[in-house]
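All values below were derived from every heavy atom in this structure, side-chain atoms included, with hydrogens, water molecules and symmetry-related copies excluded. Here is how names work: the chains are called A, B, and so on, in the same order as the sequence lines, proteins then strands, and each is numbered from 1.
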There are 2 protein chains.
Amino acid sequence: MATSLAEENYLKIIYRLSENTDQGVSTNAVAELAQTKAASVTDMLQKLAEKGWVIYQKYQGVRLTPSGQKIALSIIRKHRLWEVFLVEKLGYNWDEVHEIAEQLEHIESESLIQKLDEFLGFPDRDPHGDPIPTRDGKMADQIYQPLSEIKEKMDCVLMGVAKDAAVFLQLLTKLDLNLGAKITILEINSFDRSLQIQVNSAAPIFVSHEVAKNILVKA
Amino acid sequence: MATSLAEENYLKIIYRLSENTDQGVSTNAVAELAQTKAASVTDMLQKLAEKGWVIYQKYQGVRLTPSGQKIALSIIRKHRLWEVFLVEKLGYNWDEVHEIAEQLEHIESESLIQKLDEFLGFPDRDPHGDPIPTRDGKMADQIYQPLSEIKEKMDCVLMGVAKDAAVFLQLLTKLDLNLGAKITILEINSFDRSLQIQVNSAAPIFVSHEVAKNILVKA
DNA sequence: ATAAATTTTTAGGTAAGACTAAAAAAATAT
DNA sequence: ATATTTTTTTAGTCTTACCTAAAAATTTAT
Ligand SMILES: [Mn+2]
Ligand SMILES: [Mn+2]
Ligand SMILES: [Mn+2]
Ligand SMILES: [Mn+2]
């Protein structure tokens, strides 16, 4: 069955909110991400349920059915492949591509995404370190951990980010914290949990706990 | 002012119908290309006129204003650049790209189309030989002429097509009539104006007047 | 010049996807 | 256990872009 742009965006949002929990997703949570009102969300959830893409019962929150999940993953696949294209082929920075990919992810053509994947050399992570779902809808787990959970004195490598916001990514770029950067944790301040770290053996810098939470690393 | 997808498509259609005439474009002509009803077209023309993109007076047909023309040309520019991308970079055939470009042409990002243009090496023709409007909205004239207007015994080179339809392009491909093909007109049959031609010095073939009209060549 | 045919516009409706205000249910506090 | 607060749903509108049927204007034929 064909999906409208609005439906695709809702399914993607429900998918994202389901990732960290096995509870149903609340109407308000969806409304916030969709930048719309709860009443509009209720309308849409009823429609998505009729189409068989979500399980929805009044006041019980919503969850994706397998077919709804499949649609969400195909949109995420397209989003991430286009992000790779924008960075690798067109020379964008990682903080500039999300909004454009939000549009490109809705282009409908099986063959297009197939050929794009091939053109890009079948990447398995996007420019933010997020796994790209496969053609048959399997997504690798996020195997990296937040920098905030690494112990003092440890070395690690920046593999991704948990947040796409341009302001955040721009801050990282300014601090030379790019994908692949080598990070050494010199000290964790117990007062505010901020960290003193060394990036690629340069002079030490400070980052807040909030920043460290959104940086994904491998030891 | 922002343009909706429907508005962009209408402006593009009006542009296309205006190319061959300096008369206003009729409601019915627009309706046919838009695959919609005349009543819907009237509605939209009134809206486009309010936004200042067309001059419209009841029963008098419609024509683009300079700002309407500018929008139309920017959509056409995007359409053709994406077609080049699809053929040159992703390996599509020229008969497969139109529908996908119809979607891609509505992606909104100045920088994207700028970078795409650069990535493609600033092409000035699309895979069908059509000129790509420049960034500031100038489009080169179609300098090629229909094969149907070439005299007997003359040599020419296939530079483009006047029709994008997949069935037509597939026929050309089957006949080895690709961009750059060398064509010699052996004979024009006065009965039905069909032509006997030689393509790249291969065995002679026949093409109808209808086909010849839609093949653009340079002598 | 008038009649007939065609084209175009108007009038009135529909579906999608949003909104506000009010009602109902659920969660939290006393 | 009841009252209060918060969340969610319902009811009623709005806008965009489409539709059909009918009316009006224009064009073509006689
Ligand atoms: Mn993104
Ligand atoms: Mn990403
Ligand atoms: Mn095309
Ligand atoms: Mn083309």
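Following rounding to the nearest Å, Q57(A) (CD) and dT7(D) (C1') show an atom-to-atom distance of 17 Å. Rounded to whole Å, the distance from CG on L45(A) to C1' on dT10(D) is 14 Å. Computed from coordinates, the Y56(A) OH to dT10(D) P distance equals 6 Å when rounded to whole Å. Atom CD in E7(B) sits about 9 Å away from atom C1' in dT16(D), given to the nearest Å. To the nearest angstrom, C1' of dT9(D) lies 16 Å from CG of L48(A). Between the P atom of dT8(C) and the CG atom of D43(B) lies a distance of 15 Å, rounded to the nearest Å. Going from atom CG of N9(B) over to atom P of dT16(D) covers 17 Å, rounded to whole Å.
Phosphate contact (OP1/OP2 of dT10(D), side-chain N/O of Q46(A), threshold under 4.0 Å): present. Using a 4.0 Å cut-off, some side-chain N or O of N28(A) falls inside it from OP1 or OP2 of dT8(D). At dA23(D), none of the side-chain N or O atoms of Y59(B) fall inside 4.0 Å of OP1 or OP2 (strictly under the cut-off). In terms of phosphate contacts, T27(A) brings a side-chain nitrogen or oxygen within less than 4.0 Å of OP1 or OP2 of dT9(D). Within the 4.0 Å cut-off from OP1 or OP2 of dC18(D), not a single side-chain nitrogen or oxygen of S40(B) is found. At the phosphate of dA16(C), neither OP1 nor OP2 sits under 4.0 Å from any side-chain N or O atom of S4(A). A sub-4.0 Å separation between OP1 or OP2 of dT16(D) and a side-chain N or O of Y10(B) is absent. Between dA24(D) and K58(B), no contact under 4.0 Å exists linking OP1 or OP2 to a side-chain N or O.
Looking at which nucleotide of DNA chain C each of Q60(A) and M44(A) is closest to, the 5′-most match is held by M44(A). Between K51(B) and K37(B), the residue whose closest nucleotide on DNA chain D is further toward the 5' end is K51(B).
In this structure, F119(B) and F85(A) have perpendicular ring planes: the angle between them is above 60°, well past the 30° mark.
H106(A) and N9(A) share a side-chain donor-acceptor pair at under 3.5 Å. Side-chain atoms of D192(A) and S194(A) form a donor-acceptor pair, as typed in the model, at a separation below 3.5 Å.
Distance from the side chain of T36(B) is smallest for dC18(D) among the nucleotides dT20(D), dT8(D), dC18(D). Of the candidate nucleotides dA26(C), dT8(C), dT10(D), dT10(D) has the atom lying nearest to any side-chain atom of T42(A).
Proximity of L177(B) to I183(B): side-chain heavy atoms (C-beta onward) are separated by under 4.5 Å at one or more points.
Within 6.0 Å of the CD atom in E110(B), the count of heavy atoms belonging to other residues, nucleotides or ligands does not exceed 12.
Among the heavy atoms of the strands lying under 4.0 Å from A6(B) are primed sugar atoms or P, OP1, OP2 only; no base atom is included.
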